[in-house]
Amino acid sequence: MSALAAPDAPVDAPVDAPPRWGERLRWTLSDASVIARTNLKHWVRNPAAVLNLTLYPIVMVVLFGYVLGSAMNVAGGGDYREFLMPGMFSQTMAMGVMTTMTVVSLQTARGVTDRYRSMPISRPGVVLGRAFADIVNSVLELLVLLACGLVAGWSWHRGIGDALAAVGLLLLLRFALIWVGIYLGLALAPEAASAAWLPLLPLTMLANTFVSPALLPGWLGAIAEWNPLSATVAACRMLFGNPGWQGGSWAAEHALTLAIGWPLLITLVFLPLSARRYRRLGR
């Protein structure tokens with residue numbers, strides 16, 4: 001036997017074997033939690049963002065519930081503020097895509113994303129961390145909006161289980177749209193991302209958010225009923241026991257199915273696109 005041989009070492013032992021799938025997953029989730037905490041710390045230290053989280057729901061409830069709502073009727077009868085609040089919950093979750101898109105675009109333009117890419121951290125963990133932070137922000141925003149609704153006279157009229165299911169649908173919609181925001185934030189310059197609310201606002205308004213599609217012209221009502229936002233709004237009204245969720249179309253009768261299906265489809269499309277866009281940065 002040669003003096004250079006190591007009798008106790010296995011001859012075929014792998015050198016620098018790649019980590020297993022479970023180890024990569026733990027690494028990704030660990031890095032995602034660190035990125036999420038970093039993003040949340042920046043948010044907490046931004047007084048304007050915290051103030052916006054507190055005041056926005058109050059202003060929206062007063063404006064739409066009392067100022068505009070005084071002249072609104074619900075198709076089929078019922079209190080308008082009871083009809084309105086599930087729509088406002090859903091619209092707030094949808095408009096959150098602007099926050100995600102703007103922050104990601106600014107971080108990319110300022111080189112923060114490039115610094116993340118140069119560090120020995122999981123690349124999927126970076127985008128997951130952004131998603132986790134935005135979900136936490138959305139939960140807080142939704143809690144404030146729920147409290148405003150209760151003060152304004154809104155309430156749920158079915159069991160707590162159905163109410164929690166409605167909240168789950170709202171957060172599912174927000175989670176799906178986070179990936180839309182991440183993709184657009186990585187693709188657009190900050191100036192373009194800031195102007196993206198122009199097409200986004202009509203998309204959130206052209207739904208059953210503030211009025212029933214039955215009160216719209218036929219072709220416009222059909223578009224509103226098939227808006228993914230309308231499915232979440234109608235399903236939440238049903239689960240909360242609020243007026244206005246009934247309808248004669250297939251989309252209205254299967255709102256709960258669509259409220260799950262639309263966000264899953266959006267996630268399946270934009271999550272891989274976001275990951276691919278992040279990997280191709282700088283090429």
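Note that the structure is predicted; figures quoted are calculated from it, not measured.
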From CD1 (Ile135) to CE (Met93), nearest 0.5 Å: 8.5 Å
Minimum heavy-atom distance Glu225-Ala251, with the two atoms named: O-CB, 3.7 Å
Side chain to side chain donor-acceptor pair (under 3.5 Å) contacts in which one or both residues fall within residues 163-175, not counting sequence neighbours: Thr100-Arg174, Ser138-Arg174
Sub-4.5 Å side-chain heavy-atom contact between Leu239 and Leu164: no
Value rounded to 0.5 Å, distance of CG in Asn137 from CG in Leu40: 5.5 Å
Student check: side-chain heavy atoms of Leu170 and Cys236 closer than 4.5 Å: yes
Same apolar cluster: Leu171 and Phe175, side chain cutoff 4.5 Å: yes
Contact summary for Cys148 and Val61, nearest pair of heavy atoms: CB-CG2, 3.9 Å
side-chain contact (heavy atoms from CB on, under 4.5 Å) between Trp226 and Leu258, intermediate numbers included: CA-CA 9 Å; Trp226 283 97; Leu258 291 175; 4.2 Å; yes
Gap between atom CD1 of Ile58 and atom CG of Leu145 - 0.5 Å precision: 10.0 Å
Test item: Ser194 side-chain N/O and Pro190 main-chain N/O as donor-acceptor pair under 3.5 Å: yes
Minimum heavy-atom distance Pro263-Ala176, with the two atoms named: O-CB, 3.3 Å
Any side-chain heavy-atom pair of Leu273 and Arg277 under 4.5 Å: no
Minimum-distance pair of heavy atoms, taken over all atoms of Phe83 and Val211: CZ-C, 3.8 Å
Flag for Trp154-Asn242: side-chain donor and acceptor within less than 3.5 Å: yes
Verdict with reasoning, Val136 to Trp43, per side-chain contact (heavy atoms from CB on, under 4.5 Å): CA-CA 11 Å; Val136 173; Trp43 176 77; over 6 Å; no
ILVMFWY network linking Leu106 to Tyr116, side-chain heavy atoms under 4.5 angstrom: no
Option passing side-chain contact (heavy atoms from CB on, under 4.5 Å) with Gln107 (candidates Leu186, Thr102, Val126, Val112): Val112
Spacing of Ile223 atom CD1 and Leu216 atom CG [to the nearest 0.5 Å]: 10.0 Å
Shared hydrophobic cluster, Val269 / Leu200 (ILVMFWY, side-chain heavy atoms < 4.5 Å): yes
Within one Ile-Leu-Val-Met-Phe-Trp-Tyr cluster: Met60 and Met95, side-chain cutoff 4.5 Å: yes
Pairs involving residues 126-147, ordered by first then second residue, that meet ring-ring contact (aromatic ring centres under 6.0 Å, His included) (sequence neighbours left out): none
Closest approach of Ala235 to Leu169 (non-hydrogen atoms, all atoms of both residues): CB-CD1, 3.8 Å
Heavy atoms from other residues, nucleotides or ligands near NE2 of His157 exceed 12 (cutoff 6.0 Å): yes
Straight-line distance of Leu271 CG to Leu264 CG, nearest 0.5 Å: 11.5 Å
N/O donor-acceptor pair under 3.5 Å between Ser230 side chain and Ala207 backbone: no
Closest non-hydrogen atom pair, Val167 against Leu146: CG2-CD1, 4.5 Å
Backbone of Phe270 reached by a side-chain donor or acceptor of Ser274 within 3.5 Å: yes
ILVMFWY cluster, Val59 and Met88 together (side-chain gap under 4.5 Å): no
Spacing of Leu84 atom CG and Thr209 atom OG1 [to the nearest 0.5 Å]: 9.0 Å
Intermediate values then yes/no, side-chain contact (heavy atoms from CB on, under 4.5 Å), Val180 and Leu177: CA-CA 5 Å; Val180 178; Leu177 293 178; 4.2 Å; yes
Selection residues 200-223 - residue pairs positive for ring-ring contact (aromatic ring centres under 6.0 Å, His included), sequence neighbours left out: Phe64-Phe210
Any donor-acceptor N/O pair, Ser33 side chain to Ser30 backbone, under 3.5 Å: yes
Test applied, side-chain contact (heavy atoms from CB on, under 4.5 Å); reference residue, Leu229; option that passes from Asn208, Leu206, Thr204: Thr204
Arg130 and Ile35: CA distance, side-chain angles, deciding distance, side-chain contact (heavy atoms from CB on, under 4.5 Å) verdict: CA-CA 7 Å; Arg130 177 73 257 168; Ile35 298 296; 5.6 Å; no
